[in-house]
Participant: 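One structure, as structure tokens, below. Some questions next.
All values below come from the heavy atoms of this structure, side chains included, with hydrogens, waters and symmetry mates left out.
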Amino acid sequence: MQLTAPVTGTDETRPTARDADGMAVASFILGLLGLLVLNIFLGPISIVLAVVSLWRGTTRRARAFLGLTLGVADLAVLAIAMQVSHTLSWSL
């Protein structure tokens with residue numbers, strides 16, 4: 001008795017695309033979170049995840065571009081806050 005369907009053909013592109021979709025969503029969430037806290041760490045991570053997900057061919061291209069934009073905005077907010085407060089970090 002066979003409990004699983006027989007493997008007729010393997011679709012190797014779908015797990016990679018699924019991973020890329022997850023990276024695009026993670027990039028967006030980390031970029032959004034980075035605007036509030038830990039932008040010195042979350043900004044670059046968001047940028048890297050967005051670029052890798054776009055390179056792997058995500059189906060969520062808009063989400064990856066939003067993550068990329070938010071990652072750059074994280075670093076811009078950090079740079080502006082550093083100029084205003086003359087420190088390496090910022091607080092509200």
Participant: Please answer: with hydrophobic residues joined when any side-chain heavy atoms are less than 4.5 Å apart, are Val72 and Leu66 in the same cluster?
Facilitator: no
Participant: Can you list, pair by pair, the side-chain donor-acceptor contacts under 3.5 Å of residues 48-55, counting residues two or more places apart and other chains?
Facilitator:
unit_1 : atom_1 : unit_2 : atom_2 : d
Ser53  : OG     : Leu49  : O      : 3.2
Ser53  : OG     : Ala50  : O      : 2.9

Participant: Between Leu78 and Ile45, is there shared hydrophobic-cluster membership here, with clusters defined by ILVMFWY side-chain heavy atoms closer than 4.5 Å?
Facilitator: yes
Participant: Taking a hydrophobic cluster as the set of Ile, Leu, Val, Met, Phe, Trp and Tyr residues connected by side-chain heavy atoms closer than 4.5 Å, whether directly or through intermediates, do Leu68 and Leu32 fall within one such cluster?
Facilitator: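 Different hydrophobic clusters.
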Participant: Look at the side-chain heavy atoms of Ile, Leu, Val, Met, Phe, Trp and Tyr, link any pair under 4.5 Å apart, and say whether Ile80 and Leu36 land in one connected group.
Facilitator: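 No, no single cluster joins them.
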Participant: Could you pull out the closest heavy-atom pair between Ala24 and Arg63, with the gap in Å?
Facilitator: O-CG, 3.6 Å
Participant: Would you say Met82 and Val37 are hydrophobically clustered, going by side-chain heavy atoms of ILVMFWY under 4.5 Å?
Facilitator: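 In one cluster with Met82: Val37, yes.
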Participant: Ser27: what forms a side chain to side chain donor-acceptor pair (under 3.5 Å) with it, not counting sequence neighbours?
Facilitator: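 So Ser27 forms a side chain to side chain donor-acceptor pair (under 3.5 Å) with Ser46.
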Participant: Which residue pairs pass the side chain to side chain donor-acceptor pair (under 3.5 Å) test when at least one of the two sits in residues 64-73, sequence neighbours left out?
Facilitator: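 Qualifying pairs: none.
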Participant: With Leu33, which of Leu70, Leu38, Leu42, Asn39 fulfils side chain to side chain contact (heavy atoms under 4.5 Å, CB included)?
Facilitator: Leu42
Participant: So, the side chain of Asp21 versus the backbone of Thr58: is there a donor-acceptor pair under 3.5 Å, distance only?
Facilitator: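 No, because the side chain of Asp21 does not come within donor-acceptor range (under 3.5 Å) of the backbone of Thr58.
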Participant: By side chain to side chain contact (heavy atoms under 4.5 Å, CB included), which residues pair with Ile29, not counting sequence neighbours?
Facilitator: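 With neighbours one apart ignored, the set is Val25.
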